[in-house]
Amino acid sequence: MKKIFTFILIAMMGLAFSNCNHDETNGPEIILEEPEEGQPFTAGSAHGVHMEFDLKDESGLNQYKIDIHYGGGHVHSQALKTQSAAAAVDWSYQKTYDDAKGLKNHHVHVHSDSIPENATLGEYHLGISATDVHGNETTRYRTFTIVDYEVADED
Amino acid sequence: MHAGAAASYAQEADSVRQTVSLDEVTVTGNTAAAKRQLQPLTVLHTEKEYMQENRSNSLMNTLEKLPGIHAFQVGQGFSKPVIRGLGFNRLVVAENGIKQQEQQWGADHGLEIDQYAVEQVEIVKGPASLQYGSDAIAGVVIVHSHAWLPHDGVSGSLLLNGHSNNRLFGGSGDIYYQKKNKFMQARATCQNFESYRLPAKTFIYNGYEYPLHHGILKNTAGREMDASWQAGWRTAKYAATLHVNNIHSKDGFFAGASGLPFLVNMDDEGHYRAINLPYHESNHFKAVFNQNIYFNNRHKLTVDAGYQYNLRQEYSVPHTHGFGPTPEGNLELELRLQTASLNAVWEYRNEANNTLQAGVNAEYQHNRIGGYLFLLPEFEQQAAGAFMIGRFHFSGALTGTAGVRYDYGSIRIHRYDGYFRVAGMRKPADDMSFMAGLAYRPDEQWELKANIGKSFRMPVANEYASNGISHVMLRYEIGDSSLRAETSYQCDVHAAFQKTWSGGFIHRAAAAASVFGNYFPNFIFLNPTGEFSPLPEAGQIYRYAQSQAFRAGGELEAQVEFADIFRLYTTAEYVQATDMESGFPIAFTPPLNIASEMSVRWKQLFFLTNNRLAVTHRYAAAQNRVARNEAATPDYHLFDISLTAGIPAGRTAAVQLILQVQNLFNTAYYKHLSFYRRLSLPETGRNFLITIQILFNNQF
């Protein structure tokens, strides 16, 4: 009987708490400044892809991750495939960063590894994901291109 | 044969093939109650006719219209049962008395049971399932295949099936022979379908728009081939049945489901029936031997022995998850699970029809793995339990049930040293379970029931020791070896009313309401850690954790029958589940659902007999109570039509024609409990279904 009573009591508490204890449900805000949509980068560039973004979270940031992969061509355009398919590799870059831990605001300026000379040309997807201390997760995506001719001042 | 319904099972199964029963889905425990005993559990019974008229892509889709029952959707061919918002390892499916063991933790494959071989389904909602094991927290889905007929003879059936949406064609046929004290039955089922069509031309995922050529979700074709055989032998004191079946299926996965969708995955290849990588193949073999020994009118011993072998293989291009050295071959994941089960139940029945059951269950599981991807370790698991259940008729109007159960189990998990590591471990767990219930039927109109119970379940191998990427959620999941057994306290109250009028326009009206509450001191769930996984595309790591959880909800049903012809039937159901420590809702909780069916029956229409037309409307409210990082799902309305007609074919045969239109208005909707929800892919579009069933029965 005592157990039943405890059960009902806890049950009622559960209902009471369920509506007022939402501490923080939103994931971090990601304000992605660069690269711009469709921005070209050169295959073989030693600077890699230059990225600039701001992260904001009220409860505190935890980690962020950069994921670049070949977009397989995109709905809105045709890939610029001029190189021989055999020589080309679909370039990708993944890295997780810990330098924002506990911060509410963080400005990030990073470069990926250098882009290989034989990277498949065309559209690439950049995904920036960030988590807060609660595990709320947000991802922002952007498309850029890798081209085989010099682009002036890509930085 | 399982203990609880064993006595009435034979007679119920008998009536199925002989007469076409007019019972549809019954308002719980009330209609057809005359032949069923008053009992405290809330049990949904479906007869074969319900199965035929509502036949959908898979067994659980067919049963989904029942109040409190949901199907977790896995593409088109498969689904898993969910009772009152709980599924996977928290409910038990028992076929012919043996608990189905098929890696039920995984949401990317369905229940491996041939739906055409199912004659009857009983769904027990709530905590009162001590016969089947303490882990049937949400309830039990009890599936019966065929058994004894009242007359000797040869009978059989042939069913042919076609669906427009995925160009499915399928068939199932059986032959049954019974003479004196022996029977035998054999059945074969096969179906083959194309990729399915969505009511959309494109879909948006992660901000990118992807095309769906001809509205087809590429590589979701599949095929299934099942065979079953059963034989029985009986005398006045002994009855034995052997069931052997094998379920085999091969299904493609939409490539976007195991990696980010790449445009190349979307190309229209024109072969919608081909199954390309990634796909999965599964085979479930099961042999069950049921024995009943009748010592006299008072004592009965039931012994069920079963062996199951579940083989699951997933094939994929290794680069999908692009890390580490490139492995050879395409076998990504292989799980080989063998299960041996033994149940023995002794039942005593006194003059007043009070019963006492005492029983034991034992189960041994053996899991081996293969493939280049690690998800679940190898393990061996033993579980044993003993229970005692009494049922007492205090008077004609009041019945009580009470039972206790003790379980002991232990799992030995093997160490794994690859790119991922899992430490070996041995984990024992034991606990008591109990249940008690009362049922009160003061007159023919009212019925009241109340139940309370405690159940528990041992954590399963993946909760203790997974370490890898889950195909289902595309997320990295890590087990926790320090998890404790999960305990659940549950109570429910049920009230039903029915009234019949002879002669009036309204023949019968019935209504029922159930309310339940469920508290877990240590509910096991996946919690996001905020730490990214080492794998690309996998997002952050989710770790198994425990928290206090509370769930509450209920079901309402109402039904009115007019002049023996029209019938209106409405159900509503709701469940709310909350993690009490974080205040967040629990993932995969179904939203408020309201389903209404209007049906018309004619005994005779021109030369057609037993005709029925039904229009169903289903409304699912938006689910905005979601766990961290779980997407909210908007509301939707769905309309279905079903038409059944019987064509006379002489005294010994019957032909039945069933036409259905599902999703009549080709509505694009998302189902909260769906494998593809994560990718923002709508569910199947409009679907025309045709079924022709030919039955024959020659009595000796």
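These numbers come from the heavy atoms of this one structure, side chains and all, not from hydrogens, waters or symmetry mates. Residue numbers begin at 1 in each chain, while the letters A, B, ... track the order of the sequences.
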Note to self: Taking the basic N atoms (NZ, or NE/NH1/NH2) and the acidic carboxylate oxygens, is any pair closer than 4.0 Å for A:Glu33 and A:Arg142?
What the structure shows: no

Check: Is it the backbone or the side chain of A:Lys101 that comes under 4.5 Å from a heavy atom of chain B, or both, or neither?
Finding: side chain

Margin query: Does any backbone or side-chain atom of A:Ser129 lie under 4.5 Å from a heavy atom of chain B? Answer side chain, backbone, both or neither.
Written below: both

Item checked: B:Thr578 and B:Arg625 side chains, donor-acceptor separation under 3.5 Å ->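 Side-chain D/A pair, B:Arg625 to B:Thr578: present.
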
Notebook entry, point to check: Any side-chain donor-acceptor pair under 3.5 Å between B:Thr633 and B:Arg677?
Noted result: yes

Checklist line | Which of A:Asn62, A:Asp98, A:Val133 touches chain B most, by non-hydrogen pairs under 4.5 Å | finding: A:Asn62

Notebook entry, point to check: Under 6.0 Å between the ring centres of A:Tyr64 and A:Phe53?
Noted result: yes

